[in-house]
Enquirer: 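Dumping the structure here so I can ask a few things about it.
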Amino acid sequence: METGFDQAPWVDEDVAAFGDAMRRVIEREFVPHEARWAAQQHVDRDVWRTAGHVGMLCASIPQAYGGGGGTFAHEAILTAECSRHLVSGFGNGVHSGIVAHYLLHYGTEDQKQRWLPRMATGELVAAIAMSEPGAGSDLRAIRTRARRQGDTYVVDGAKTFITNGWLANLVCVVVKTDPDAGSRGISLLMIETDDAPGFRRGRLLEKLGQKGQDTAELFFDGVQVPAENLLGGIEGKGLGQLMQQLPQERLIIAVGAVASMFKAVELTQAYTAQRDVFGQPLLSLQNTRFTLAECLTKAHLARTFVNECVVDLLAGRLDPARAAMAKWWSTQAQCEVIDACLQLHGGYGYMMEYPIARMYANARVSRIYGGSNEIMKELIARTLQPS
Ligand SMILES: Cc1cc2nc3c(=O)[nH]c(=O)nc-3n(C[C@H](O)[C@H](O)[C@H](O)COP(=O)(O)OP(=O)(O)OC[C@H]3O[C@@H](n4cnc5c(N)ncnc54)[C@H](O)[C@@H]3O)c2cc1C
């Protein structure tokens, strides 16, 4: 069944070849280490350099900035391969799919030259720090403050739930540059955290799933940041920049959800074929066959819509509402499918040594992060016109 996207309209020869090459790297460099990474709650720092070496990082960034010269389709097929191989610890979606694109779309030429090539090699690991202990869905409520003092900003605040937060040394921090200006007072500040006095990491957070992914708290206590690190060089643009890039982030989550639905069905079909109950394979019972038929139907439906969204994103015509639909519906379906597949595994489905148990734990967050599914529905509902 592969990733489920093998015949997708956006997978041309180049994207397929990239996906094949990345699959081999994932099987060689990632899969054997997932259990150890889960135990230590972060991937090895070296794997970022390995990923850079084989062209896994910044695949959709132009070669002029050290990237692979591909498109969103390259990021999507890579996400699907990771999802299919249950590689949940590697935060490349944030690094290459999100932060690199903030730089590419809003960075000054100097900022692109300064950071993108080092992100492509894995010298820099990137994170995006929006969420705070007191503000997640409601980004306007963030409190992290950047005060301009001459040629520097002085940053004070706390961020939490930050993917790659433990290993990151380049953090795109959402700050308030003018607390009285509402949404126009929000800016994005790029902070290099190596040797940055006042910056410290808090706890490496223990999660329900996606155990190998480092999710951490970050603290900024009077951190001095060169003013030239303000993304795009103009204050107050942060919220607009975030809103424009979020559809891409949401679609990446939807792609991962589809791949994991196909994987769950594949695993469960194999398991139930060899498990005998009452003298016959579990797979031969009508309940098993109908449950898997329903799961496969959901996977196909989600894939059809996600494919349409990917094609439209590549053509520059994906609107935020449809990206939100793809995100909430496919992650909801992902959780339903994996839950049904786990049930067909019986007690073994509850054991972490079985992949379906890890998939169950990994999937749950997809309805929460990237904008919760309730926020997705809010975004969609805003497009409804009064009759
Ligand atoms: C594993 C993981 C990784 C993450 N990675 C990052 C990261 O890299 N960077 C980052 O900045 N953040 C990250 N986050 C944070 C994530 O984006 C937030 O958890 C998410 O946006 C929800 O915010 P919150 O947790 O503050 O929940 P809240 O905003 O407090 O929401 C609580 C509940 O209320 C609901 N709700 C809120 N507002 C409304 C509304 N208007 N209408 C209806 N319901 C509503 C929500 O849907 C949710 O169910 C990560 C989170 C997790 C768990």
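Start at 1 and go down the list; that is how both ligands and their atoms are numbered.
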Enquirer: Got a protein heavy atom sitting under 4.0 Å from atom 20 (C) of ligand 1?
Expert: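 Yes, there is a protein heavy atom closer to it than 4.0 Å.
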Enquirer: Flag G371 as yes when one of its N or O atoms lies below 3.5 Å from any N or O atom of ligand 1, and as no otherwise.
Expert: no
Enquirer: Which of the numbered atoms in ligand 1 are under 4.0 angstrom from any heavy atom belonging to S137?
Expert: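 Under 4.0 Å from S137, ligand 1 has these atoms: 22 (C), 23 (O), 28 (P), 29 (O), 31 (O), 37 (C), 38 (N).
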Enquirer: Would K207 count as a contact of ligand 1 if the rule is a heavy atom under 4.0 Å away?
Expert: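 True for this residue.
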Enquirer: Are more than 12 heavy atoms from other residues, nucleotides or ligands located less than 6.0 Å from atom CD of Q343?
Expert: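 Count not over threshold, so no.
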Enquirer: Just to confirm my output: which protein heavy-atom neighbour is closest to atom 51 (C) of ligand 1, and how far is it?
Expert: F161 CB, 3.7 Å
Enquirer: Parallel under 30°, tilted from 30 to 60°, perpendicular over 60°: which one fits the rings of F30 and F90?
Expert: perpendicular
Enquirer: Among protein heavy atoms, which sits nearest to atom 8 (O) of ligand 1, and what does the distance come to when rounded to 0.1 Å?
Expert: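 Answer, as residue, atom name and distance: T163 N, 3.0 Å.
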Enquirer: Can you tell me the protein heavy atom closest to atom 46 (C) of ligand 1 and the distance?
Expert: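 Here the closest protein heavy atom is S372 OG, 3.6 Å.
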Enquirer: Side chains of S366 and T331: do they bring a donor and an acceptor to under 3.5 Å?
Expert: no
Enquirer: With no hydrogens and no angle check, is any side-chain donor or acceptor of K112 less than 3.5 Å from a backbone partner on L104?
Expert: yes
Enquirer: Specify the protein heavy atom at minimum distance from atom 45 (C) of ligand 1: its residue, its atom name, and the distance to 0.1 Å.
Expert: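 Checked against all protein heavy atoms, atom 45 (C) of ligand 1 sits closest to E374 CB, 4.3 Å.
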Enquirer: H85 side chain to E81 main-chain N or O, any donor-acceptor pair under 3.5 Å?
Expert: yes
Enquirer: Using a strict 4.0 Å cut-off to heavy atoms of V365, name the atoms of ligand 1 that fall inside it.
Expert: 1 (C), 52 (C), 53 (C)
Enquirer: Does any N or O of ligand 1 fall below 3.5 Å from an N or O anywhere on S131, backbone included?
Expert: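 N/O-N/O distance under 3.5 Å: yes.
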Enquirer: Are K211 and W37 in a cation-pi setup, meaning NZ or CZ lies under 6.0 angstrom from the ring centre and within 45 degrees of the ring axis?
Expert: no
Enquirer: Among all residues two or more places apart in sequence or in another chain, which pass the ring-ring contact (aromatic ring centres under 6.0 Å, His included) test with H53?
Expert: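 In terms of ring-ring contact (aromatic ring centres under 6.0 Å, His included), with neighbours along the sequence ignored, H53 is linked to no residue.
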Enquirer: Look at atom 41 (N) of ligand 1 and say which protein heavy atom is nearest, naming residue and atom and giving the distance to 0.1 Å.
Expert: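 The closest one turns out to be I375 CD1, 4.0 Å.
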Enquirer: Output the list of atoms in ligand 1 that are nearer than 4.0 Å to some heavy atom of G136, sorted by atom number.
Expert: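 Counting from 1, the qualifying ligand atoms are 23 (O), 24 (P), 26 (O).
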Enquirer: Identify, for atom 2 (C) of ligand 1, the protein heavy atom at the shortest distance, and state residue, atom and that distance.
Expert: Y369 CD2, 3.7 Å
